[in-house]
Amino acid sequence: MSKTLIRGANVLGGEPQDVLITDGVITAVGNELAGTEDATVVEAAGRILLPGLVDLHTHLREPGREDSETVLTGTKAAAVGGFTAVHAMANTFPVADTAGVVEQVWRLGKESGYCDVQPVGAVTVGLEGKKLAELGAMHDSAAGVRVFSDDGKCVDDAVIMRRALEYVKAFDGVIAQHAQEPRLTEGAQMNEGIVSAELGLAGWPAVAEESIIARDVLLAAHVGSRVHICHLSTAGSVEIVRWAKSKGWNVTAEVTPHHLLLTDELVRSYNPVYKVNPPLRTEADVLALREALADGTIDCVATDHAPHPHEDKDCEWGAAAMGMVGLETALSVVQHTMVDTGLLDWAGVADRMSGRPAQIGRLKGHGRPVSPGEPANLTLLDPAYRGPVDPAGFASRSRNTPYEGRELPGRVTHTFLRGRATVVDGKLA
């Protein structure tokens with residue numbers, strides 16, 4: 001029998017309590033607990049204890065782009081960031097559009113042991129938007145896929161999108177849409193607005209996102225299915241999702257940490273580390289996203305962790321790949337933008353970064369309360385920590401972070417996956 005006692009932690013930001021873990025399960029929460037004599041003790045005074053974080057949107061790159069990330073290195077990065085489960089996106093090589101590929105990714109996650117990996121299946125064959133992939137076979141596989149996305153590309157054909165929404169109803173699946181009207185964003189390099197006009201860079205207009213979201217919430221309502229909006233990034237998109245939810249439609253949405261903090265003004269540096277899809281938007285958009293996350297219009301935070309090798313970012317802006325790594329800094333950015341600003345308390349963070357993403361992905365055993373009888377998937381955070389981001393110390397294979405040198409609050413000190421420490425004192429176990 002293995003026992004761990006987390007002593008004096010502020011559970012969800014509340015009063016200090018002890019938490020006893022026995023054989024991977026939380027067995028007691030409170031003060032002066034019995035049966036702790038032979039437990040390994042983690043002193044947690046002043047630290048916040050949260051349920052293990054769940055990411056709905058992670059690019060692990062394996063198979064095919066192991067030069068930028070692997071399932072092993074990506075799950076190490078996830079554990080360091082406080083995550084106990086990630087959803088691995090389908091835009092690998094080969095694409096995760098068959099039962100065989102999603103099972104491969106799922107098994108690699110099992111072997112890594114740092115966090116649970118739930119594969120996301122492609123909506124269409126080869127992400128080409130022309131023919132539905134093997135949605136049923138991927139769901140029936142050992143991986144048990146429930147989330148499907150062509151992320152990186154938009155399912156822009158309304159008929160294909162309708163068919164996908166209808167198909168996944170059979171097993172309570174969800175289509176996660178990368179909302180980007182392709183004709184409106186041909187050659188786009190950054191957000192369309194004042195900065196793009198001044199820099200002479202092709203713009204990615206907000207309406208390219210908003211028009212797809214509007215169409216898809218209507219389609220989901222029409223067929224009675226679930227649609228999830230990936231990396232929502234504009235104030236207009238917030239209003240569409242808010243309207244759809246007011247109708248009682250089954251619509252959920254995520255926001256990335258970088259869209260909660262960074263704006264298109266950073267593109268004036270021409271540093272490709274700020275090149276991302278969807279692009280960094282305006283200050284007004286950032287403030288609207290924060291308010292929407294606070295009031296629940298946006299359901300959750302998802303990292304869109306997008307690792308790239310050095311050569312894909314260390315080049316001129318126009319040739320650079322789009323994307324940022326985000327697993328190891330997500331909780332710090334959320335503390336900075338949402339907790340330290342008073343928009344969310346720690347219970348709210350637990351809801352937006354654990355409870356809701358696990359519910360959207362129908363992921364069992366994660367996003368659960370810190371209560372007796374629940375799996376001990378837990379994250380311990382030191383909220384008083386302040387320090388600059390140093391990508392040289394990342395567990396990820398890639399270093400394309402927009403926060404290098406920026407001081408951010410909070411540091412994950414411990415992560416527990418079913419009671420087993422994957423991170424101890426900020427280091428991989």
Side-chain angles (χ1 to χ4, degrees), residues 1-55 72 75-86 109-117 327-328 330-332 335 339 345-351 353-355 358 363-385 395 409-429:
M1 180 181 293
S2 66
K3 286 186 181 181
T4 301
L5 178 67
I6 301 173
R7 186 150 59 197
N10 302 101
V11 180
L12 273 57
E15 292 300 313
Q17 290 182 297
D18 298 344
V19 176
L20 181 62
I21 302 167
T22 307
D23 291 340
V25 175
I26 299 170
T27 48
V29 178
N31 296 304
E32 299 181 7
L33 301 179
T36 64
E37 297 80 11
D38 52 348
T40 300
V41 177
V42 176
E43 297 293 352
R47 296 178 186 176
I48 307 295
L49 186 65
L50 302 171
L53 307 184
V54 176
D55 191 12
L72 178 59
T75 53
K76 285 181 176 180
V80 169
F83 291 88
T84 54
V86 298
K110 288 280 189 187
E111 292 168 7
S112 85
Y114 283 95
C115 80
D116 288 347
V117 175
L327 286 167
E328 295 173 70
L331 190 52
S332 290
Q335 179 181 336
V339 179
D345 58 15
W346 286 110
V349 172
D351 177 65
M353 296 190 74
S354 183
L363 198 59
K364 294 181 180 178
H366 292 274
R368 303 295 304 160
V370 182
S371 302
E374 298 289 355
N377 296 315
L378 299 167
T379 297
L380 195 60
L381 172 83
D382 177 4
Y385 174 86
R411 173 176 172 263
V412 172
T413 62
H414 292 73
T415 307
F416 297 91
L417 179 63
R418 287 179 289 278
R420 182 176 59 83
T422 57
V423 173
V424 177
D425 294 327
K427 305 292 184 183
L428 287 164

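Looking at heavy atoms from C-beta onward, Pro51 lies in side-chain contact with Val370 at the 4.5 angstrom threshold.
Rounding to the nearest 0.5 Å places CG of Asn10 at 10.5 Å from CH2 of Trp346. Between the CD1 atom of Ile48 and the OG1 atom of Thr379 there is a distance of 12.0 Å, given to the nearest 0.5 Å. The NE2 atom of His414 lies 4.5 Å from the CG atom of Asp425; values are rounded to the nearest 0.5 Å. Expressed to the nearest 0.5 Å, how far CG of Leu327 lies from NZ of Lys76 amounts to 14.5 Å. Going from atom CD1 of Ile6 over to atom CG of Leu380 covers 6.0 Å, rounded to the nearest 0.5 Å. Of the inter-residue distances, the one linking Ile21 atom CD1 with Thr27 atom OG1 reads 8.0 Å to the nearest 0.5 angstrom.
Evaluated for a side-chain contact (heavy atoms from CB on, under 4.5 Å) with Val80, the options Lys427, Arg411, Glu328 yield exactly one hit, Glu328. When each of Leu50, Leu49, Asp18 is tested with Val11 by the rule side-chain contact (heavy atoms from CB on, under 4.5 Å), just one qualifies, namely Leu49.
Residues meeting the side chain to side chain contact (heavy atoms under 4.5 Å, CB included) test with Asp351, sequence neighbours left out: Arg356.
In this structure a side-chain-to-backbone donor-acceptor pair under 3.5 Å is missing from Thr40 to Thr4. Between the side chain of Thr422 and the main chain of Thr415, a donor-acceptor pair closer than 3.5 Å is present. Side-chain N or O atoms of Asp38 include none that pairs as donor or acceptor with a backbone N or O of Lys3 at under 3.5 Å. A donor-acceptor pair under 3.5 Å links the side-chain atoms of Arg420 to the main chain of Gly113, judged by distance alone. Judged by distance alone, the side chain of Thr413 and the main-chain N or O of Gly426 form no donor-acceptor pair under 3.5 Å.
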**OP:** Test Leu417 against His366 for side chain to side chain contact (heavy atoms under 4.5 Å, CB included), laying out the working first.
**Re:** CA-CA 10 Å; Leu417 179 63; His366 292 274; 4.2 Å; yes
Original post:
Passes side chain to side chain contact (heavy atoms under 4.5 Å, CB included), Thr22 versus Met1? Steps please.
Top reply: CA-CA 7 Å; Thr22 307; Met1 180 181 293; 3.6 Å; yes
Subject >> CA sep, side-chain torsions, deciding dist, call: Phe416, Val42, side chain to side chain contact (heavy atoms under 4.5 Å, CB included) >> reply: CA-CA 12 Å; Phe416 297 91; Val42 176; 4.2 Å; yes
Subject >> Trace of the side chain to side chain contact (heavy atoms under 4.5 Å, CB included) decision for Val423 with Leu428 >> reply: CA-CA 4 Å; Val423 173; Leu428 287 164; 4.3 Å; yes
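Here the shortest heavy-atom pairing between Ala350 and Leu12 reads CB-CG, 4.2 Å. Residue Gly52 comes nearest to Ser354 through the heavy atom pair O-OG, 2.8 Å, listed as atom of the first residue, atom of the second, then distance. Across every non-hydrogen atom of Val424 and Ala429, the tightest pair is CG2-CB, 4.2 Å. Here the closest heavy-atom approach between residue Pro369 and residue Ile26 is recorded as O-CD1, 4.5 Å. Residues Met353 and Leu331 approach most closely at SD-CD1, 3.8 Å, considering heavy atoms. For the residue pair Tyr114 and Ala79, the shortest heavy atom distance occurs at O-CB, 3.8 Å.
Checked for salt-bridge contact, Asp116 and Arg418 meet the test: a charged N lies under 4.0 Å from a carboxylate O.
Pairs engaging residues 367-376 under the side-chain hydrogen bond (donor to acceptor under 3.5 Å, both in side chains) rule: Arg368-Glu374 [sequence neighbours left out].
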